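Remarks on the structure that follows.
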Amino acid sequence: MKSKYTTAIYFLFIFLGGGFLLFREEINGQTQLVLTIIAVCAMMFGLYKITTSLTSNKQASYKDQEYYNREKYEQQEVINNAEEE
């Protein structure tokens with residue numbers, strides 16, 4: 001079952017990752033490196049999921065869907081070839 005809030009969760013990853021990257025200077029030592037790696041991974045994962053959902057291959061619906069089928073073109077080619085012979 002797909003959650004209704006997946007887009008919001010991905011945006012949350014992006015904003016939290018960006019926020020952690022903005023304020024990471026306040027933390028010193030090894031924790032800063034770990035926080036930076038986690039923030040970059042979270043932000044990149046969120047960006048990846050959002051862009052793939054926006055640019056997915058959704059088939060466009062046309063007024064005359066039959067016109068865009070390859071089967072109709074093939075039938076017309078067969079008819080044209082039969083008429084020429």
Side-chain angles (χ1 to χ4, degrees):
M1 187 169 116
K2 190 173 181 180
S3 175
K4 296 188 280 189
Y5 303 111
T6 54
T7 306
I9 292 170
Y10 297 145
F11 274 116
L12 184 69
F13 279 143
I14 294 169
F15 292 133
L16 283 177
F20 283 141
L21 287 176
L22 285 175
F23 298 110
R24 70 185 170 101
E25 297 297 325
E26 305 299 323
I27 301 170
N28 294 327
Q30 189 73 19
T31 311
Q32 183 181 18
L33 178 65
V34 172
L35 182 68
T36 303
I37 292 171
I38 292 171
V40 167
C41 290
M43 191 170 69
M44 295 308 283
F45 175 74
L47 286 171
Y48 167 74
K49 294 301 276 186
I50 289 294
T51 55
T52 55
S53 69
L54 293 176
T55 60
S56 65
N57 294 330
K58 296 179 182 172
Q59 189 173 7
S61 59
Y62 300 101
K63 291 179 185 175
D64 185 11
Q65 190 69 26
E66 188 176 322
Y67 179 75
Y68 292 95
N69 289 337
R70 181 67 193 154
E71 296 171 359
K72 185 171 182 178
Y73 292 129
E74 289 175 357
Q75 289 173 357
Q76 288 175 352
E77 288 175 7
V78 169
I79 292 171
N80 291 339
N81 289 339
E83 289 176 357
E84 290 175 0
E85 293 176 356

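All values reported here derive from a predicted model rather than from experimental measurement. Residue numbers start at 1 and run along the sequence shown.
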Tell me whether [Y] is reachable from [X] by hopping between hydrophobic residues (I, L, V, M, F, W, Y) whose side-chain heavy atoms are closer than 4.5 Å.
{"X": "Phe15", "Y": "Ile50", "value": "yes"}
{"X": "Tyr10", "Y": "Leu16", "value": "no"}
{"X": "Leu47", "Y": "Ile9", "value": "yes"}

**Message:** Quick check: closest heavy atoms across Phe13 and Gly46, and the distance to 0.1 Å?
**Reply:**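 Looking at all heavy atoms of both residues, the closest pair is CB-CA, 4.2 Å.
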**Asked** Met43 and Leu21: which non-hydrogen atoms are nearest, and at how many Å?
**Response**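 Heavy atoms only, the tightest pair is CE-CD1, 3.7 Å.
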**Request:** Please name the residue in the list Val34, Thr36, Leu35 that meets the side-chain contact (heavy atoms from CB on, under 4.5 Å) test with Ile38.
**Result:**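 Result: among Val34, Thr36, Leu35, Val34 is the only option passing the side-chain contact (heavy atoms from CB on, under 4.5 Å) with Ile38.
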**Asked** Checking side-chain contact (heavy atoms from CB on, under 4.5 Å) against Gln30, which of Asn28, Ile27, Leu33 comes through?
**Response**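 So, applying the side-chain contact (heavy atoms from CB on, under 4.5 Å) to Gln30 and each of Asn28, Ile27, Leu33, only Leu33 qualifies.
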**Prompt:** Rounded to the nearest 0.5 Å, how far apart are CZ of Arg24 and CD1 of Ile37?
**Reply:**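 The CD1 atom of Ile37 is 10.5 Å from CZ of Arg24, to the nearest 0.5 Å.
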**Rounded distance [0.5 Å steps], NZ in Lys49 versus OG1 in Thr6** =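 Lys49 atom NZ to Thr6 atom OG1 measures 8.5 Å (nearest 0.5 Å).
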**Request:** State, yes or no, whether a side-chain contact exists between Glu25 and Gln32 at a heavy-atom distance under 4.5 Å.
**Result:**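 Answer yes - side chains close enough.
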